[in-house]
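The next block holds one structure in the form of structure tokens; read it before the comments.
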Amino acid sequence: MSGARAIEEQTSRGGDPLEAAIREIGTELAAAFPSNARHPLRAIDKRAMDLASGDQELKAALFRFVDVTPACRSLDDLARHLREFLREVPEAPPPLAVAMRMADSKAGRRAIGAAAAAGVRHMAHRFIVGETPASAHGVLRDLWNHGVASSVDLLGEATVTQAEADRYAARCDEALGELARISAGWPARDVLERDSVGPIPRTNVSVKISALTPLLRPDAPERGRRDAAERLRPLLRRAEALGAHIHIDMESLDSREAVLDLVLDVLSEEEFVRGPSAGLVLQAYLRDSPEQLERVLEWASASGRTPPLTVRLVKGAYWDHELVQAGQHGWPTPVFEVKAECDRNFETLTRRLLDARPAVRVAIASHNLRSVSHAIAYSRLSGADDRDLELQILRGLGDQLADALAVRGFRVRAYCPIGDLVAGMAYLVRRLLENTSNESFLHEQARGVPIEQLLAAP
Ligand SMILES: Cc1cc2nc3c(=O)[nH]c(=O)nc-3n(C[C@H](O)[C@H](O)[C@H](O)COP(=O)(O)OP(=O)(O)OC[C@H]3O[C@@H](n4cnc5c(N)ncnc54)[C@H](O)[C@@H]3O)c2cc1C
């Protein structure tokens with residue numbers, strides 16, 4: 001029976017079983033969050049984020065500063081930049097005012113530079129698990145030992161030449177090999193390695209199509225698609241040989257059609273209809289996402305591909321970009337502009353996806369306790385086993401939620417970027433923006449909004 005039918009039947013007997021289950025699951029998960037007291041570094045980050053989110057000008061200055069950090073040649077240079085950016089903040093908070101005065105002397109500048117560089121590096125390490133797959137091994141193994149699987153994302157600069165696209169593809173290929181090698185020695189974890197359809201790969205790599213080709217242009221999508229497919233096919237072959245999973249990330253809307261067409265076309269090719277395990281991403285902040293989902297589900301049912309396509313449902317990371325882009329061209333905004341509408345759409349798509357199992361595997365990627373509890377509650381009400389639902393978080397943003405989910409026996413996967421500090425800057429800035437935006441769930445949670453409110457229907 002679909003979840004909707006089960007809920008209708010129970011509702012006719014009084015009450016709202018879905019809302020009641022969401023409240024119960026959400027409250028239990030919140031209680032299982034590890035406390036900050038046991039993680040002092042997280043508490044320090046939270047204070048830094050509170051400071052930044054309370055002051056828009058300070059936030060803007062800090063973002064600009066984080067952006068230039070990799071280009072600074074010395075600590076002196078770094079401190080000078082910090083002072084210049086902070087000068088733009090009309091009323092700097094007291095510790096920053098002290099830093100600005102210190103930056104007037106060379107010794108002071110060096111001290112601040114060292115502190116700032118360490119701060120940026122510390123922040124980056126919260127989100128980035130290592131410079132290479134080999135150096136990330138310790139973190140990935142610890143996650144696995146704590147009941148958390150991973151998907152590795154290789155950070156890189158924008159791909160503008162064929163040589164850069166070749167290099168990115170080669171890095172993905174190496175990562176697949178390296179991760180398969182190291183994960184082979186990890187202990188068995190049934191909950192992370194099997195659902196009712198069959199085995200789930202330990203090695204999971206997230207790939208960006210825009211990094212696989214320099215030719216991805218909205219005005220000439222065919223060229224980009226063809227070029228990217230040439231680099232995607234060998235990666236799929238390699239994943240198939242290693243028993244690994246390849247997940248294609250979704251980026252901004254101007255590449256959405258090309259990415260979706262490419263992935264569905266390549267996975268339909270005779271060579272790939274029996275594997276490897278693969279997936280794509282659906283962005284619920286897009287107003288037309290319900291139609292996109294129908295297209296994917298039709299494909300999944302018609303193709304009969306095994307293992308089934310994994311659909312990762314996200315809200316979307318390019319909200320400001322889409323809004324600005326549409327505004328500049330005078331286009332209608334493609335994204336919801338009211339957060340609650342986006343959240344409601346996320347829940348509608350969650351239910352549609354969960355009802356479509358086993359034609360697809362479902363991964364709900366969110367740090368929002370309401371969105372996650374809704375998925376778990378609906379899945380359970382429809383009679384499914386918890387192992388037929390995967391929950392995903394971004395490393396550094398959803399660690400506490402991941403711990404709570406793992407402790408309660410859910411399959412949870414952390415998205416783990418790998419790369420150097422320079423490559424990590426764009427990623428870091430995007431995550432900081434998300435985390436300190438006033439409407440973000442994590443920001444509300446950090447502000448101490450009561451749990452009943454956090455779990456209320458959007
Ligand atoms: C494992 C994983 C993989 C991911 N992969 C991708 C990917 O491939 N592509 C991608 O785009 N993103 C991806 N994301 C990022 C994801 O889109 C963001 O984490 C997500 O947007 C944050 O949503 P939330 O549910 O955690 O938090 P919430 O705080 O509940 O939601 C924040 C989101 O709501 C939306 N939003 C904010 N304000 C408004 C508004 N005024 N009106 C309407 N909507 C608004 C935005 O999408 C914003 O990011 C991934 C996330 C995870 C956890």
Side-chain angles (χ1 to χ4, degrees), residues 26 53 127 129 143 148-153 155 204-211 245-256 259-260 263 279-287 289 292 310-324 326 333-347 349-350 362-375 390-402 405 411-417 427 430-447 449 453-458:
S53 48
F127 298 95
V129 291
L143 283 170
V148 181
S150 52
S151 183
V152 161
D153 160 46
L155 295 169
N204 182 315
V205 173
S206 286
V207 173
K208 288 200 169 47
I209 297 297
S210 68
H245 173 92
I246 298 263
H247 213 96
I248 308 297
D249 284 354
M250 197 55 91
E251 302 170 66
S252 51
L253 181 60
D254 50 16
S255 63
R256 200 254 323 257
V259 170
L260 204 54
V263 175
L280 49 72
V281 176
L282 185 74
Q283 293 159 317
Y285 64 5
L286 293 173
R287 292 177 192 274
S289 48
Q292 296 297 319
T310 303
V311 180
R312 177 201 293 157
L313 181 64
V314 303
K315 285 176 193 151
Y318 307 87
W319 187 79
D320 302 79
H321 168 86
E322 303 299 0
L323 217 58
V324 171
T333 42
V335 289
F336 291 107
E337 290 177 71
V338 175
K339 170 78 164 58
E341 283 183 42
C342 171
D343 289 352
R344 277 198 295 273
N345 188 46
F346 190 86
E347 294 191 1
L349 299 180
T350 298
V362 182
I364 299 297
S366 171
H367 312 109
N368 184 321
L369 198 56
R370 159 82 200 186
S371 308
V372 173
S373 306
H374 165 269
E390 178 163 306
L391 301 156
Q392 298 190 347
I393 55 102
L394 297 177
R395 152 91 183 171
L397 278 191
D399 301 341
Q400 295 183 324
L401 176 59
L405 288 165
R411 185 169 69 258
V412 47
R413 186 176 306 281
Y415 184 95
C416 294
Y427 182 85
R430 211 171 311 124
R431 299 288 85 84
L432 284 174
L433 269 169
E434 254 175 43
N435 208 21
T436 54
S437 120
N438 277 334
E439 288 186 280
S440 127
F441 176 89
L442 288 175
H443 185 245
E444 294 211 312
Q445 192 182 31
R447 272 197 301 128
V449 170
Q453 227 166 302
L454 293 175
L455 292 175

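When a ligand or atom number is given, it counts from 1 through the structure's own listing order. Each residue takes its place number in the sequence, starting with 1.
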ring-ring contact (aromatic ring centres under 6.0 Å, His included) against H374, all qualifying residues, sequence neighbours excluded: none
Can R287 and E337 be counted as an ion pair, charged N to O under 4.0 angstrom? yes
Is the backbone N or O of N204 less than 3.5 Å from a side-chain atom of H247, with the two atoms forming a donor-acceptor pair by type? no
Just to be sure I understand the cut-off, which residues have at least one non-hydrogen atom under 4.0 angstrom from an atom of ligand 1? D249, M250, V281, Q283, Y285, R312, V314, K315, G316, A317, Y318, W319, F336, E337, V338, K339, C342, A365, S366, H367, N368, Q392, I393, L394, Y415, E434, E439, S440, F441
Can you tell me how far apart CG (D343) and NZ (K315) are? Round to the nearest 0.5 Å. 4.0 Å
Set of residues satisfying side-chain hydrogen bond (donor to acceptor under 3.5 Å, both in side chains) with respect to S150, sequence neighbours excluded: none
Taken in chain and number order and not counting sequence neighbours, the residues that satisfy side-chain hydrogen bond (donor to acceptor under 3.5 Å, both in side chains) with S206 are S151, R312
